[in-house]
Amino acid sequence: MHSNNVFYRGELKRVYPIMDRAEGVYIYDSEGKKYLDAMSGIAVANLGYGIKEVADAVTEQVNKLPFCFTVRFTSQEQEDLAKKIADLSPPGLKKVWFSLSGAEANECAIKAARQYHVETGHPSKFKVVSRWQSYHGSSMATLSISGAESWRRGYAPMMAEYPKIAPSDCYRCPFGKNYPGCDLDCAYDLERVIKYSGANEISAFIAEPVVAGSAGATVPPPEYFKIIRSICDKYNVLFIVDEVFCGNGRTGKFYAIEHWDVVPDMISTAKGIAGGYIPLGVTVIHEKIYDAMARGSGKFVHGVTFSGHPVGCAAGVAVLNYMEKHGLVERAAEMGDYLMKKLSSLTDFPMVGQVRGKGLLIGIELVADRITKQPFDPSLGVSKKISLAAFQKGLIVQPGSGGADGVRGDHILICPPFTLSKAEADQIVEILRDTFKEVQKNLQKT
Ligand SMILES: Cc1ncc(COP(=O)(O)O)c(C=O)c1O
């Protein structure tokens, strides 16, 4: 029963159904309605719901040790999870910092970058470059480095103005070019911005390898991150990858950046790392950054009360064990290929401009005109209409807007649990087909 006391997220006037229980890829509300969760919550329930091994690990940990103040102690669970994550990480990324969310994981990374430069004799470096159409969190610092206009606009006067570069979006190239004849201007934009701002002030560059919620699963070309890495090296700028959404195996590799065969200086992750059983944020830090702090001031002046929470760490270990035991990273690749192929059949709708993504992180760009790629009028709220109609039919997908130029552009995002079956994948496509049919018909009437 609704209490009238909750300050709801998002749309305050909406009456939210009460989510009662969940099993596998399905959610049931308090009225008994069943939904196929093609969003894994929001890239969180990557194993699906109701995994007994993880629930048991959490329960056992709550009974054994519910809290550990990590300024005074470490815990075996923190040690074990750090080792597991370091073993899964690229060479040199061996130090693991725990927090509770994606925003906190990114805050840790940008503060560690700043401290690294101070410790190594470059105290003027503090600015973090990021990309337009990006999202790195809702705290003031992570919103400052985010480039998604609709999230930023209201708080813009309060933000630190950090430089932004163009997004890498081959469907709507910001330079009006076509890959591969484009000279990768989107990557070299980083060098232009570093030169304009002064390399002596730039501390780090942050990017999502596959841009999820803010752009609808855009995937940069194969050369992109190698160029980014070389520019970062040239100007002593640390390279942070935000894998909060696209990491944890979702794209068919444990970290999405592995598709580009590039080693970053820091990786932040959260969401699915503990499968949604408990909040957990993770920043994986290159040894060179840790060593600079250890040799220099001897400490990292940062932290939150619940850093290294033993229950979160126990859940993380159980999730990684389960993923390994069931080959879920490989399954995300396999089911991603299957779902992508099936979803590509939706391009027979004139409103579907592109189906794109990697693994089980898939975006569908919606357009008013497929030939000219003209976006819909934002006042039509097309992606919202699609997600609401799908929700009514028992399918959960995520709407997104502003991907074309900050204001215009509609997409929907799909990122189901890695345990999705082929029959469930077919069901997603079937419901979406009905949804597109319905929304397209209604749009024709307006
Ligand atoms: C790419 C990315 N980074 C960071 C965040 C922030 O994570 P959190 O909401 O856990 O703070 C999100 C959240 O959606 C995200 O998608």
Side-chain angles (χ1 to χ4, degrees), residues 9-10 37 39-46 97-111 128 130-152 155 162 164 167-169 204-220 225 239-251 255-257 264 266-284 302 304 306-307 309 312 315-316 319 357-363 387 396-403 411-415:
R9 292 185 64 176
D37 186 4
M39 283 305 297
S40 311
I42 184 82
V44 170
N46 289 352
W97 180 276
F98 292 110
S99 56
L100 295 174
S101 67
E104 285 180 348
N106 283 330
E107 290 253 1
C108 167
I110 62 180
K111 285 172 86 175
V128 180
S130 58
R131 300 186 292 187
W132 289 112
Q133 329 287 48
S134 64
Y135 178 64
H136 299 294
S138 270
S139 67
M140 285 310 298
T142 54
L143 204 50
S144 292
I145 59 169
S146 295
E149 261 311 289
S150 59
W151 286 81
R152 293 166 49 83
Y155 302 103
Y162 289 144
K164 308 269 184 300
S168 175
D169 178 358
F205 171 67
I206 185 166
E208 257 185 295
V210 178
V211 185
S214 53
T218 45
V219 184
F225 282 114
F239 176 32
I240 304 165
V241 295
D242 179 342
E243 299 248 357
V244 169
F245 206 119
C246 63
N248 311 312
R250 176 152 293 284
T251 65
Y255 294 116
I257 192 68
M266 286 184 259
I267 301 175
S268 47
T269 186
K271 290 191 187 284
I273 188 78
Y277 289 78
I278 200 101
L280 182 63
V282 171
T283 315
V284 195
H302 178 64
V304 293
F306 295 114
S307 277
H309 198 289
V319 164
K358 259 207 189 305
L360 281 173
L361 178 51
I362 301 176
S387 77
I396 299 174
V397 295
Q398 182 76 8
S401 56
H411 67 257
I412 59 163
L413 196 65
I414 296 161
C415 56

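Reckoned from all heavy atoms, side chains included, excluding hydrogens, waters and symmetry mates. Whatever order the structure lists them in is the order used to number ligands and atoms, beginning at 1.
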Q.
Give me the residue, atom name and distance of the protein heavy atom closest to atom 5 (C) of ligand 1.
A. Val244 CG1, 3.7 Å

Q. Is there a heavy atom in Glu243 that sits closer than 4.0 Å to ligand 1?
A. no

Q) What residue pairs, at least two apart or across chains, pass salt bridge (charged side-chain N to carboxylate O under 4.0 Å, His left out) with a residue in residues 131-150? A) Glu149-Arg152, Glu149-Arg153

Polar contact flag for [X] and ligand 1 (N/O pairs, less than 3.5 Å):
X	result
Gly102	yes
Asp242	yes
Ala103	yes

Q) For the residue pair Ile240 and Ala204, what are the closest heavy atoms and their distance? A) CD1-CB, 3.7 Å

Please state which part of [X] comes within less than 4.0 Å of ligand 1, counting heavy atoms only: side chain, backbone, both or neither.
X	answer
Lys271	side chain
Asn106	side chain
Glu208	side chain
Ser101	both

**Q.** Main-chain N/O of Gly213 paired with His411 side-chain donor or acceptor, under 3.5 Å
**A.** yes

Q: Using atom types as modelled and distance alone, determine if a side-chain donor or acceptor of Ser307 lies under 3.5 Å from a backbone N or O of Phe98.
A: yes

Q: Begin with the C-alpha distance, continue with both residues' side-chain angles, and end with the deciding distance and a verdict on side-chain contact (heavy atoms from CB on, under 4.5 Å) for Leu361 and Leu413.
A: CA-CA 7 Å; Leu361 178 51; Leu413 196 65; 4.0 Å; yes

Q.
For a 4.5 angstrom cut-off between non-hydrogen side-chain atoms, does Phe245 reach Ile42?
A. yes

Q.
Yes or no, since that's all I need: does a protein heavy atom fall within a distance strictly under 4.0 Å of atom 9 (O) of ligand 1?
A. no

(Q) Taking 4.0 angstrom as the limit and counting only heavy atoms of His136, give me the atoms of ligand 1 inside it, by number and element. (A) 3 (N), 4 (C)

Q: Please could you name the atoms of ligand 1 that Phe245 approaches to less than 4.0 Å, counting only its heavy atoms?
A: 16 (O)

Q: Check the pair Gln133 / Val211 against side-chain contact (heavy atoms from CB on, under 4.5 Å), numbers first and verdict last.
A: CA-CA 8 Å; Gln133 329 287 48; Val211 185; 5.6 Å; no

Q | Donor-acceptor pair between Asp169 and Thr218 side chains, under 3.5 angstrom | A | no

